[in-house]
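Here's the structure we're looking at; comments come further down.
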Amino acid sequence: GENVEQHPSTLSVQEGDSAVIKCTYSDSASNYFPWYKQELGKRPQLIIDIRSNVGEKKDQRIAVTLNKTAKHFSLHITETQPEDSAVYFCAASMRSWGKLQFGAGTQVVVTP
Amino acid sequence: DTGVSQDPRHKITKRGQNVTFRCDPISEHNRLYWYRQTLGQGPEFLTYFQNEAQLEKSRLLSDRFSAERPKGSFSTLEIQRTEQGDSAMYLCASSLKADDNEQFFGPGTRLTVL
């Protein structure tokens, strides 16, 4: 089955700097890659997703890149703000409506 | 609140007892998922329904776990003969059948087995 690895497990950045989180997946049949943000004690919320027919997607300060050949994808957050502090999870699925295989998460701390 | 809801939010039980959780998906969402999340880990897939049909179950789902979605709306997840290893957050998510959709998560039910 699919296996998703996520790095780093923790990331501390100064406000205004960029943050990058990387994930690798094992199943070349995976074609849907969402990113979820989970604040302490709250539910996971989708922040951005990408499909395998696209190499990059951007939404304001957030961007995701996908390298199908290498089977890895990354989340980029620019101009970080304290409210970006949370745990971020990458996931992979063979269909946009199928089960999600999640990475272990990255704790992002943005210090003022 | 039109989001996914789950009940109860917290459940403390003794080992060996049975527990049942409920999930109400977003209205008209025909896909419903159950995940389990332990501290410091990402959600782990348990099972998935399309309408009332249970289409996939994880190998992690032992025979002590059963899920239903009898009318294609709300779903229940029952754990029989609970064990301490069952302690976790149980998350429900729903999505709408379409080519481009996202899974919306509920707030979860935190289970503690003593």
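Since we're looking at a predicted model, the values are computed, not measured. Below, chains carry the letters A, B, ... as their sequence lines are ordered, and counting in each starts from 1.
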Kindly determine whether A/Phe102 and B/Phe45 satisfy ring-ring contact (aromatic ring centres under 6.0 Å, His included), including the steps that lead there. CA-CA 9 Å; A/Phe102 283 86; B/Phe45 171 76; over 10 Å; no

Verify the neighbour count for atom CD of A/Glu83: are there more than 12 heavy atoms of other residues, nucleotides or ligands below 6.0 Å? yes

Pair A/Gln38-B/Gln37, side-chain donor/acceptor within less than 3.5 Å: yes

Any side-chain heavy atom of B/Tyr35 within less than 4.5 Å of one from A/Leu100? yes

Proximity breakdown for A/Pro44 and chain B, heavy-atom pairs closer than 4.5 Å: both

Would you say CG of B/Leu55 has more than 12 non-hydrogen atoms from neighbouring residues, nucleotides or ligands within 6.0 angstrom? yes

Check whether more than 12 heavy atoms from other residues, nucleotides or ligands sit under 6.0 Å from atom CG of A/Leu40, and answer yes or no. no

Is a donor on one side and an acceptor on the other found under 3.5 Å between the side chain of A/Arg43 and the backbone of B/Val4? yes

Above 12 or not: heavy atoms from other molecules or residues under 6.0 Å from CD of A/Glu15? yes

Step through the shown structure and confirm whether more than 12 heavy atoms of other residues, nucleotides or ligands are within 6.0 Å of CD on B/Glu68. no

Are B/Leu91 and A/Val87 joined in one hydrophobic group, where the rule is that I, L, V, M, F, W and Y side chains link up if heavy atoms are under 4.5 Å apart? yes

Reported CD1-to-CD distance for the pair A/Ile48 and B/Glu102, which is rounded to 0.5 angstrom: 12.0 Å

Would you say B/Phe104 and A/Gln45 make side-chain contact, with heavy atoms under 4.5 Å? no

Contacting moiety of B/Glu56, where chain A heavy atoms sit under 4.5 Å: side chain

Most contacts with chain A, counted as non-hydrogen pairs under 4.5 angstrom, among B/Gly42, B/Pro43, B/Gly108: B/Pro43

Counting only heavy atoms not in A/Arg61, do more than 12 fall under 6.0 Å of its CZ? yes

Below 4.5 Å from any heavy atom of chain B, which atoms of A/Lys42 appear? Answer side chain, backbone, both or neither. neither

